[in-house]
Structures are given as C-alpha cells and as structure tokens.
Amino acid sequence: MSSILTSTVTGINAIKILINNTANKIINPKHKDEIQQNIFVENTADESNFNAGVRIKKVYDDYNDFIKEEKRKISERVQDEQTKIEEYLKLEDLFGEKSNIFTLLINQLYSSIENDVVNNNGNRFNENIENNLKKIISELKNFDEKLSFLEKDVKESITEKIKKANILINKIYDTNIDIKFFPTVQLPNRVDSFIDRRDQLIDELNDIIGVKVVKENNTFKVCLNNGMCIIDDHNKQNLIALTSSTDDKYISVGYWDENEKTLKKMEHMIPSSSLGALLMFRREDLQNARNKIGQLTINFADSINECHTLGYDILGNLGKQVFSISDPEIISSSTNQSYLPTSIKWVSTSDAQDTNYVVFLKNNHWTVTRLRDRSTVEADIYQLDNNTYITFDGIEFKIEGDNAEGNIYMIKPYSKTLNQLELLIVKNDLFSISSSNDLSQKNKNNAIKIHHLNQEKIVNKNETLYDSYRKFLKSISYKCNDLEEKVPFKRNMIEILKNKKISESDDIHENYQKLSYEQKCYLANVKILKMAETIFNEIVDCYS
C-alpha cells in the first residue's frame with residue numbers, strides 16, 4: 001500500500017510540474033497576435049486555415065472540458081462529505097450530551113430501588129424513586145425537542161439549497177442564451193467573459209446538486225449525474241420542495257414533468273453534493289437516530305412495566321404499569337386504491353428493531369420491509385372476521401376489510417415515543433416487590449429483579465441499554481472521522497486542477513503532445529488513487 005501511495009504522490013507532483021511548465025509556455029507565447037489569427041475562425045480564412053484552426057481549438061477545448069469535469073467531480077464529493085461531517089458533528093454532540101440518560105440517570109433510578117425498596121424494606125414508590133423516574137422522562141422529552149430542532153434545521157437547509165439551485169439554474173439558462181446569440185464575429189474576444197461566468201455558475205450548481213456538462217452537435221446541456229437534462233438551449237427544469245401536511249419535519253425534492261403533467265419526486269436523482277448529503281442525512285442518519293433512541297426508550301420502559309406487572313405488592317395484588325408507551329404510527333400511501341380502517345400496537349417490545357417499515361400488497365401477498373437495511377421480514381399473517389393481522393418485530397398491524405392490490409403503508413414505530421412517554425404511578429403507589437401473592441411467603445424477588453434490569457441484555461436480546469447507546473454513538477463518530485480523513489486529500493486534488501485552463505501557444509504541435517501526455521498521466525494517477533482507496537477501504541472493512 002505504501003508503495004502505491006508513494007508512486008501516486010510522485011505522479012501527482014510530476015504532473016503538477018508538467019502542467020505548470022506547459023501552462024507558462026501557453027500563457028506567454030512569443031507571437032501571441034499571430035497565433036490568435038490562426039486560431040480564431042474568420043470569414044476571410046481559407047478552407048485549410050479554417051479546418052486547422054477548428055481542429056486545434058477543439059483539442060484545447062476538449063482538454064479544458066476534461067479538467068473542468070474532473071474538478072467538478074471531486075468538488076461534488078468534497079461538498080457531499082463536508083456537509084455530512086457538519087451534520088454528523090451536530091448529531092454526535094447531541095448523543096454525547098444526552099448519554100447520561102442511559103448511564104447516570106437510569107443507574108440512579110435502579111440504585112434508589114435497591115436502597116429504598118430492597119435494602120430498607122420499602123414497599124412504595126417514595127419521593128426519591130418518583131423523582132428519578134420524572135428526571136428520566138424529562139430528559140427524554142428534552143432529547144426529543146433537540147432532535148426535532150435538528151430535523152427542522154436540516155429541513156430549512158434543504159429548502160435554502162433548493163432555492164439557491166433554482167437561482168443558479170435560471171442564471172445559467174439566461175447566460176447560455178446570451179452566449180448562443182453573442183456576435184462572436186464582431187467581438188471575438190468578448191464572449192470569453194460570458195463563458196467564464198457560465199462555468200463559475202455551473203461550478204456553484206454542481207456543489208449543490210452535482211451536474212455534468214454535455215456538448216454535442218452545437219448544443220449545450222447541463223444534466224444531473226443520472227442523465228436528466230435540467231438546462232439546454234431551449235428549456236430549463238427547476239426544482240420543487242416537497243413537504244407534507246401531516247409531518248412538519250418532512251421534506252424532499254421534486255420537479256414538474258411537462259410531458260406527463262404531473263409532479264414527480266427526484267430525491268434519488270441527487271445522491272451527492274451538499275443537497276444530496278442533506279437529503280441522505282435526513283432520510284437515513286436522522287431517522288436512524290430517532291429510531292435508536294426510541295427503541296432504547298421502549299426497551300427500558302417496558303422492561304420495568306413487564307417486571308412490575310408480574311410482581312405483587314404487600315396486599316397480594318398484581319402490580320400496575322409504571323409507564324405509558326405510545327403505539328407506532330401508520331401512514332397510508334396517497335396512491336392507495338382503497339382506504340380502510342387500520343390500527344397498530346406493540347405486542348412484544350423485546351423484539352423491537354430500530355427501523356421504519358413499508359408494508360405492501362402485491363400479487364395478493366403481503367410483504368414487510370425494514371427500511372434500515374431493505375431486508376424482508378418474515379411476518380406472521382392471518383385472516384380473521386374479514387380483518388388482516390400482520391405481526392412482525394413485536395408489532396401487530398391490523399387492517400379491516402378487503403385490501404386493494406398495490407396498497408402501501410409506512411410504519412414508524414418511534415415517531416411519538418419520546419414525546420408521549422408518561423409516568424402512570426404517583427408518589428406512595430405500592431411497589432410490586434414480591435414474586436408471590438402468598439402474604440405468608442412474601443419476598444423481595446421482584447424488586448431485586450427490577451433493580452438488576454440495567455445489567456440485563458434487553459436491547460435486541462443481546463445488548464444492555466448502556467452498551468447499545470455507546471455503540472450507536474461510536475458509529476456516528478466513526479462515520480465522521482472516516483470522512484474527515486478523506487476530505488483534505490480531495491481538497492488537494494481540487495487545488496491541483498484549479499487554474500489549469502490553457503490557451504493555444506506558438507508551438508501548437510509540441511504543446512499538444514505535452515498536453516496529451518499530461519492528460520494520460522493524470523488519468524493514470526486517478527486510476528491508481530481509486531484502486532488504492534478501494535484496497536484501503538476493503539482492509540478497513542476486514543478489520544472494523
């Protein structure tokens with residue numbers, strides 16, 4: 001690996017020197033005026049000079065276009081990764097700040113149960129235990145507020161990026177029209193400033209949505225990286241912010257399809273640059289964060305509920321639930337052919353997974369997909385009294401009546417978990433301390449079991465609350481650190497390519513050969529870097 005990187009760095013340094021030397025020769029030609037007469041196509045030029053001039057100019061234009069496209073590709077990745085770093089740091093700060101919920105505060109709760117109930121023979125939820133329970137709920141609600149603020153902040157950033165992209169699209173389109181109809185013959189040297197302005201605007205747009213320029217048959221197009229044309233000589237395609245009337249945090253991006261006269265979602269067409277990074281962060285990382293904290297919350301709350309409702313108080317009565325936990329949320333697709341009554345509830349929170357779901361009917365068969373990793377869940381499905389029951393990952397989803405082919409439902413288990421978590425007990429309520437309802441054989445077994453829950457593997461049945469929380473926090477840090485290592489290198493690549501635009505010199509053939517050689521050197525180094533990065537990532541994956 002070291003030899004590959006050494007060779008690559010050496011190659012980059014060499015190509016930088018070559019480009020600088022050639023550029024200096026080109027910038028300072030000996031007979032600049034004479035050369036320009038051979039290059040510019042004039043009405044008075046004979047056929048041989050005309051063809052030679054066109055061919056020579058095309059060589060340099062192709063090279064400059066190549067350099068610009070390579071610089072834009074790298075800049076697109078830098079903007080993408082830098083945006084992700086900024087958002088990861090915010091998320092990391094939030095989870096780092098709130099790590100006390102599943103360490104200090106919950107341990108204080110279990111300690112108070114041990115001291116006040118187990119050791120001191122208490123049989124009620126005294127003021128100390130009640131206050132510890134209220135502190136946990138208060139901190140979880142505060143977590144929800146800060147996570148919601150981060151979600152709304154990302155939504156506002158996406159909205160601003162869409163507005164800025166539209167301004168740039170309009171400016172590029174207008175500048176392109178100016179260039180197309182510019183009187184080049186009368187003012188041969190003036191059009192360059194318009195072309196430079198268009199290039200700068202395209203660079204700015206590229207940093208937001210990622211674009212590529214296509215020149216063919218005297219046409220000029222700006223396309224998204226998936227090939228969709230957003231600007232050509234005759235049309236432009238602006239972006240549209242898509243929001244939801246039922247979810248004030250939701251935002252996506254779409255466009256108006258003039259042919260089909262309909263609004264279409266295009267989030268998948270913008271996978272990178274700053275807007276793509278924000279959309280991905282909102283769609284994946286923010287949602288994963290809410291799902292993880294929601295999963296840990298119901299694992300904690302329901303583990304206490306389950307233990308407490310299985311025990312008996314000093315009067316021999318079964319204990320009651322300590323927490324009220326919200327049910328998952330159902331969102332029916334606007335494309336559904338039928339709108340049927342639905343309901344949903346938790347039946348086993350110990351099976352809860354940190355993900356949203358899509359449930360859909362295709363070919364008369366229900367499929368449940370975890371959105372976290374796009375895996376299919378083996379759901380338990382049965383019919384009863386013309387109702388469909390679908391059970392998966394501790395959730396029971398009920399649909400009343402006959403379903404239509406193609407019906408789709410989004411299931412969000414934790415959208416309301418933090419905000420709606422409530423304490424059901426009050427001070428001096430009886431504590432279900434015993435595992436027996438025989439008043440002559442009372443014990444502390446149930447209270448002991450409850451106060452040991454912080455040591456139990458209740459998350460996915462293989463992790464404690466503390467371990468699962470720290471593991472998620474470390475995953476955010478790893479993503480951030482990984483990107484922080486890559487960005488400086490890519491910024492250096494941009495610097496190498498900057499200001500390398502070249503013009504024709506007095507020794508056309510010699511400089512063309514040099515440029516051709518330099519281009520091949522650059523491509524070779526890019527391939528080596530790409531292979532080195534692939535090898536390095538594979539090694540990291542093997543040992544991570």
Side-chain angles (χ1 to χ4, degrees), residues 71-73 75-91 147-179 194 196-213 220-287:
K71 183 169 70 70
R72 283 173 186 151
K73 288 177 185 177
S75 181
E76 174 190 340
R77 294 308 308 164
V78 168
Q79 290 297 320
D80 178 271
E81 292 170 3
Q82 186 60 50
T83 302
K84 287 178 181 176
I85 288 171
E86 293 169 1
E87 299 306 322
Y88 284 146
L89 287 173
K90 295 175 187 176
L91 195 56
L147 191 56
S148 296
F149 176 81
L150 186 52
E151 290 167 334
K152 291 178 180 178
D153 181 63
V154 171
K155 178 181 178 179
E156 290 175 2
S157 297
I158 290 173
T159 302
E160 288 303 312
K161 293 290 182 186
I162 292 173
K163 289 179 180 178
K164 186 174 181 181
N166 283 332
I167 291 172
L168 290 168
I169 289 171
N170 294 338
K171 287 182 177 180
I172 294 168
Y173 176 78
D174 292 340
T175 305
N176 198 45
I177 296 297
D178 291 338
I179 294 170
F194 286 85
D196 290 342
R197 171 175 167 75
R198 182 178 65 185
D199 286 343
Q200 177 60 37
L201 292 170
I202 291 173
D203 287 345
E204 293 179 33
L205 182 63
N206 176 70
D207 287 347
I208 297 176
I209 60 176
V211 297
K212 59 183 178 181
V213 172
F220 184 92
K221 297 180 180 179
V222 179
C223 303
L224 296 177
N225 285 322
N226 76 323
M228 176 181 170
C229 181
I230 56 174
I231 303 171
D232 60 25
D233 293 336
H234 309 288
N235 301 290
K236 61 182 177 179
Q237 182 68 70
N238 289 112
L239 312 182
I240 300 172
L242 305 179
T243 56
S244 170
S245 59
T246 59
D247 185 352
D248 62 351
K249 301 166 192 171
Y250 175 82
I251 188 168
S252 187
V253 59
Y255 70 100
W256 178 256
D257 189 317
E258 191 63 37
N259 294 327
E260 299 183 15
K261 304 297 181 184
T262 184
L263 187 63
K264 290 186 176 180
K265 190 174 179 180
M266 61 183 299
E267 185 169 330
H268 62 286
M269 300 180 187
I270 309 174
S272 59
S273 288
S274 57
L275 178 57
L278 287 169
L279 289 168
M280 186 282 294
F281 180 76
R282 179 202 64 80
R283 182 178 64 249
E284 296 181 11
D285 296 286
L286 268 180
Q287 189 60 63

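In this text the structure is predicted, and so the values were computed from the model without any measurement. Position 1 is the first residue of the sequence, and the numbers go up from there.
In plain terms, the two heavy atoms of L279 and S252 that are nearest each other are CD2-CA, 4.3 Å. Of all heavy-atom pairs spanning N166 and L239, the tightest one is OD1-N, 2.7 Å. Residues N206 and S273 share a closest heavy-atom pair of O-OG, 2.7 Å. Nearest heavy-atom pair, Y255 versus L263, reported as atom, atom and distance to 0.1 Å: O-CD1, 3.4 Å.
For the atom pair CG of L286 and CZ of F281, the computed distance is 4.0 Å after rounding to the nearest 0.5 Å. A distance of 10.5 Å separates CD1 in I167 from CG in N238, rounded to the nearest 0.5 Å. To the nearest 0.5 angstrom, I240 atom CD1 is 14.0 Å from K265 atom NZ. Rounded to the nearest 0.5 angstrom, L242 CG and I162 CD1 are separated by 7.5 Å. To the nearest 0.5 Å, atoms CG (L201) and CD1 (I172) are separated by 5.5 Å. Taken to the nearest 0.5 Å, the CG atom of L275 stands 10.5 Å off from the CG atom of D80.
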**OP:** Could you walk me through whether D257 and T262 pass the side-chain hydrogen bond (donor to acceptor under 3.5 Å, both in side chains) test, one step at a time?
**Re:** CA-CA 5 Å; D257 189 317; T262 184; over 6 Å; no
**OP:** Could you walk me through whether D203 and K71 pass the salt bridge (Lys or Arg N to Asp or Glu O under 4.0 Å) test, one step at a time?
**Re:** CA-CA 9 Å; D203 287 345; K71 183 169 70 70; 3.4 Å; yes
Subject >> Worked check of side-chain contact (heavy atoms from CB on, under 4.5 Å) between L150 and E87 >> reply: CA-CA 9 Å; L150 186 52; E87 299 306 322; 4.3 Å; yes
Original post:
Stepwise, does the side-chain contact (heavy atoms from CB on, under 4.5 Å) test hold for W256 with K264?
Top reply: CA-CA 6 Å; W256 178 256; K264 290 186 176 180; over 6 Å; no
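Of the possible polar contacts, one joining the R282 side chain to the I251 backbone as a donor-acceptor pair under 3.5 Å is found. Without hydrogens or angle criteria, Y173 side chain to D233 main chain gives no donor-acceptor distance under 3.5 Å. Not a single donor-acceptor pair under 3.5 Å links the side chain of S274 to the backbone N or O of Q79.
A 4.5 Å side-chain heavy-atom check between K161 and V253 finds every atom pair outside the cut-off. In this structure, the side chains of M280 and K84 come closer than 4.5 Å at one or more pairs of heavy atoms. With contacts defined as side-chain heavy-atom distances shorter than 4.5 Å, the pair I231/V211 does not qualify. Considering only heavy atoms from C-beta on, K152 comes within 4.5 Å of D248 through its side chain. Between C229 and Q237 there is no side-chain heavy-atom pair separated by less than 4.5 Å. Proximity of I202 to R72: side-chain heavy atoms (C-beta onward) are separated by under 4.5 Å at one or more points. A heavy-atom distance below 4.5 Å is not found between the side chains of N176 and V222. Counting heavy atoms from C-beta on, the side chains of K171 and E204 never come closer than 4.5 Å.
With no hydrogens or angles considered, a side-chain donor-acceptor pair links N225 and E76 at under 3.5 Å.
Residue F149 qualifies as open at atom CZ: its count of foreign heavy atoms under 6.0 Å is 12 or below. More than 12 heavy-atom neighbours from other residues, nucleotides or ligands sit within 6.0 angstrom of NZ on K236.
Classification of K90 and D153 as a salt-bridged pair holds, one side-chain N sitting under 4.0 Å from a carboxylate O.
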